[in-house]
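The shown structure was predicted, so the numbers you read here are calculated from the model rather than taken from an experiment. Every chain is numbered from 1, with letters handed out A, B, ... down the list of sequences.
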2 protein chains.
Amino acid sequence: MEKPEDLARTMTLLWRRTLGSPQGTRGPKQRVSVDEVIRAGIAVADADGLPAFSMRKVADRLGLKLMSIYTYVPGRSELIGLMVDEVIGEVPHPPHRGDWRARLEGVARHQWDECHRHPWLLQVESSRPWIGPHGCDRYEWQLAAVEGEGLSDLDMDQVITMIANFTAGAARSSILARRTVEDSGISDVEWWEANAPILEKVMPPGAYPLSGRVGTAAGEEYNAVSDPDRSFRFGLDRLLDGVEVLLRANRREHRIRGVEEP
Amino acid sequence: MEKPEDLARTMTLLWRRTLGSPQGTRGPKQRVSVDEVIRAGIAVADADGLPAFSMRKVADRLGLKLMSIYTYVPGRSELIGLMVDEVIGEVPHPPHRGDWRARLEGVARHQWDECHRHPWLLQVESSRPWIGPHGCDRYEWQLAAVEGEGLSDLDMDQVITMIANFTAGAARSSILARRTVEDSGISDVEWWEANAPILEKVMPPGAYPLSGRVGTAAGEEYNAVSDPDRSFRFGLDRLLDGVEVLLRANRREHRIRGVEEP
DNA sequence: ATAATTTTCCGTAAGGCATACGGAGTTTAA
DNA sequence: TTAAACTCCGTATGCCTTACGGAAAATTAT
C-alpha cells in the first residue's frame, strides 16, 4: 500500500535536519515549511485525536488549501510518522542520574508524561515503523539507563521493552479513563440513570462477591472507578522489584563462577 | 455525543441473554438476529481491522442493505461495544489451578491469546466502557486468581490491573510487529533498499554505540528486529517476581504483628 | 532577454464512510 | 377492519483521502 518512492521521501524528511535540503531551487517558494506542517499536525491531533485528524484541518490551520499539503508530505500516514518523531524529540532526554532504579523510573516517567501530553501517540498504528532521528536517540538513551549493571545485551533490550510495554498499557488505560470523564457528551448522572435500573435487574446480590467487595474498597479509596496514576506507580514498583531479583540472580551467578565484582 | 436512550438500549442488548427479549411483537419479523449481527461484525473486524470496519460490510455479510443494520443496533460504536463483550465470553474462563503464580500466568495468557485472536480489541476506544455480562465475569475471575494470598482488597485490584496493563502493552507491540511483516504492501527488501542509503549517510559509525551493540545481539538471537512472544514471557516473569516480593513483605508484616499464618 | 524547466498551489472529481429522515410494506393488537 | 408498530431500505448530507491536471511563479539554459 506504500510506494517505495514515498518511503525514501519520508526518510529524507525525517532526517531533514541532518541531511539539509538538497532540492533544486526552481519554482515558487513554499509558503510555509515542513516543520510548520508537522507542528500544525501535532496541534490538530492534540486537539481532536487521531481519528478526527484530517489533512483539511492541517491545511486550514496553515491558511493553505487542502491539496497543497501534499506538496509538503506524501500523505496522511507519512505525516503522522513525522509527527511522532517530532514529538519524541520535543522534551530532551535528561542525563541519567542515581542508581539503576532511579534511572529506569525516569525512563518510564518520560514515556508516561509524553503519552499524556500527546494522547494520540498510542493511537498510531503505522504499517512500518519509521526510523527517525529522535526515535534512535530515544532507544540509545533508554539502553544507557541499564548499561553497566551486569545484564547481558539481550536482557538489556528485554528490560527496556518490558518497561515500555507496561508504560504504554498503563498510559492507555489512563487516557481512556480521562476521555471517559472529559468528552463523552453524557454526564455521569445520565450514565447512571440509564445503567442503574438495568444493572439492578441483572445483577442479583451476591452474584459477583469478589468484584463487589474489591470494587467497593477501590471506589472508596479512589473516589472513582480507577486511579490510573496510582496504578502506574504500583505496577512500576513491582516491575522494578522484579528487575532487582534478576540483577541479584545475575550477581550471584557471577560470584559462583568466580567473577570479580566492584 | 451519545444519546441516553441509545445507552439504555445498548445495555439491554448487552444483557439480552439475562433479560430476554421484552419487545412488542408487532411488525415484520427480523430477518436475522442481533447475535448474527454481532458475529458478522466480529468476522469483519477480524478480517479487516477496526479502521476498515464498516456498517456496509456487516450488512453485506448478512445479505441486508446498509440501513437495516440500524434496526438491530443503535450505531457503529455501540455495535463495537457489543462485539467486545461477545469476544470476552468466547473462550470460557478455566477454573483456577495451582499456586498464585500459575493462576496469574493463566490470567495473563488468556488475555494475550484473546488479543491475538481478535487484534482489533486493542484498537477499541469507546467513550464509555460498557458494563456487559462477560466483562463482569472476567473481572470476577481475575480477582479469584489472587484471592486468599494475604493481599488487601486494594492490592488485589492493583495486581490485576498491572497484569492487564502489561499484557495489553505487550500484545500491542506483538500485533503491530505482526502487521508490519504481513500487510504492509512493501517487501522487506524494498524497505531496506529505500532506507539503507539514507541510514548509512545519516548514522556515522559509532553514533549509537549501545543501540548498535544491543541491536546486533538482539537481531542475531531473534532473527528479527524483535521477538514479541519472548518479550511477553520475560516481562511477565519479572512482574510475577515483583508480586512475590510484595507477598513476602506482606507475610513478614503479618508475622511481626503476630497474625497467624496457614 | 527569452525560452525551457521545475515546482507550488489548488480546483475538481472519484470513491469511501456514518447516519438522519422518511416511505413502503408487513404483522399484530384493538 | 382499522390503527399501530415495526422492518427494510432509498436518498441525501456532509465528512474523509487522494489521483489528476492546470495555472502561475521562479529559476536555469540559451
Side chains of B/Gln30 and B/Thr71: is there a donor and an acceptor less than 3.5 Å apart?
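No.
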
Answer with yes or no whether the side chains of B/Asp85 and B/Trp130 bring together a donor and an acceptor at under 3.5 Å.
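Checked: B/Trp130/B/Asp85 side chains show no N/O donor-acceptor pair below 3.5 Å.
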
Whole-Å distance separating the [atom1] atom of [X] from the [atom2] atom of [N]:
X	N	atom1	atom2	value
A/Asp60	D/dC15	CG	P	11 Å
A/Glu5	D/dT18	CD	C1'	14 Å
A/Glu78	D/dT18	CD	C1'	11 Å
A/Asp6	D/dT17	CG	P	16 Å
A/Lys65	C/dT12	NZ	C1'	13 Å
A/Arg76	D/dC15	CZ	P	16 Å
A/Leu79	D/dT17	CG	P	10 Å
A/Arg56	D/dT18	CZ	P	13 Å

Using a cut-off of under 3.5 Å, enumerate the N/O to N/O pairs linking the protein to nucleotides 24-30 of chain D.
unit_1, atom_1, unit_2, atom_2, d
D/dA26, O4', A/Gly27, O, 3.3
D/dT27, OP1, A/Lys29, NZ, 3.2

[X] with [Y]: basic N within carboxylate O range, under 4.0 Å:
X	Y	result
B/Glu90	B/Arg117	yes
B/Glu114	B/Arg138	yes
A/Asp157	B/Arg230	no

Toward the 5' end of DNA chain C, by each residue's nearest nucleotide, A/Leu64 or B/Leu66:
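Upstream on the strand: A/Leu64.
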
Counting just side-chain N and O atoms, does [X] come under 4.0 Å of either OP1 or OP2 of [N]?
X	N	answer
B/Ser68	D/dT7	no
A/Arg31	C/dC10	yes
A/Thr71	C/dC9	yes

Closest listed nucleotide, where the reference is the side chain of [X] and the choices are [options]:
X	options	answer
B/Lys57	C/dC9, C/dC17, C/dG11	C/dC17
B/Tyr70	D/dT18, C/dT19, D/dC8	C/dT19
B/Met67	D/dC9, C/dC9, C/dG11	D/dC9

Between B/His93 and B/His110, how do the two ring planes meet: parallel, tilted or perpendicular, split at 30° and 60°?
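Ring orientation, 0 to 90° scale: tilted.
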
By the 4.0 Å heavy-atom rule, please label B/Met55 as base, sugar-phosphate, or nothing.
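Sugar-phosphate contact only - B/Met55 comes under 4.0 Å of backbone atoms but never of a base.
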
Using a 4.0 Å heavy-atom cut-off across all strands, classify A/Ser54 as base, sugar-phosphate, or nothing.
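Sugar-phosphate only.
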
Any chance CZ of A/Arg16 has more than 12 other-residue heavy atoms, nucleotides or ligands included, within less than 6.0 Å?
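Atom CZ in A/Arg16 is crowded, with more than 12 foreign heavy atoms closer than 6.0 Å.
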
